[in-house]
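Values below: every heavy atom of this structure, side chains too, minus hydrogens, waters and symmetry copies.
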Amino acid sequence: MSDAPEAQPGDASSGRGVPCQNCGAPLVGEYCHQCGQRHVPELRVPYLVQRFLESALDLEDLERGVGQTLRRAAQNPGRVARRYVDGERKEFVNPLGYFLLTATATFLVFSMFQEAWVQG
């Protein structure tokens, strides 16, 4: 028999009894049984860093989210940011990963065309 307290309905740490922030299904544990998104009660920097490190090592997550994030951010960047902060994180790339990806792409493009831009 374990001495650990059981999670009660409505307990924010377990996610039990609260709706999924991504799809609205009632949560039974840490992950949504319908869409698979992890329940994160409040967005904090350590969570973003952890997710960045996880996604940097998970190419499937990166492939799925980059196209979706780029497409939607090109249409309405503020809405993508608001949706991510509000809890819809499953279909988007972590903001730190997105920033590093776009910064790297910008650097590569600038490096390739630097001579033409400086001389032109």
Asks: Which heavy atom in F92 sits nearest to a heavy atom in T69, and how many Å separate them?
Replies: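 In this case the closest contact between F92 and T69 is CA-OG1, 3.3 Å.
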
Asks: Does a sphere of radius 6.0 Å around CZ in R71 hold more than 12 heavy atoms from other residues, nucleotides or ligands, not counting ones at 6.0 Å or beyond?
Replies: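 Yes, because the 6.0 Å sphere around CZ of R71 holds more than 12 heavy atoms from other groups.
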
Asks: Hey, any chance L108 and F99 share a hydrophobic cluster, counting ILVMFWY side chains that come within less than 4.5 Å of each other, even indirectly?
Replies: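 In one cluster: no.
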
Asks: Could you state the interatomic distance from CG (N76) to CZ (R83), rounded to the nearest 0.5 Å?
Replies: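 Reported to 0.5 Å precision, the distance equals 10.0 Å.
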
Asks: Nearest 0.5 Å please: distance from the CD atom of Q114 over to the CZ atom of F107.
Replies: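 Q114 atom CD to F107 atom CZ measures 8.5 Å (nearest 0.5 Å).
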
Asks: Rounded to the nearest 0.5 Å, what separates atom CZ in R79 from atom CZ in R82?
Replies: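 Reported to 0.5 Å precision, the distance equals 12.0 Å.
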
Asks: Mind running side chain to side chain contact (heavy atoms under 4.5 Å, CB included) on Q21 and Q37 for me, showing each step along the way?
Replies: CA-CA 8 Å; Q21 295 170 314; Q37 177 172 286; 4.2 Å; yes

Asks: Rounded to the nearest 0.5 Å, how far apart are CD of E91 and CG of N22?
Replies: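 The distance works out to 6.0 Å.
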
Asks: Looking at every heavy atom in both C32 and A25, which two are closest together, and how far apart are they?
Replies: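 Minimum heavy-atom separation between C32 and A25: SG-CB, 4.1 Å.
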
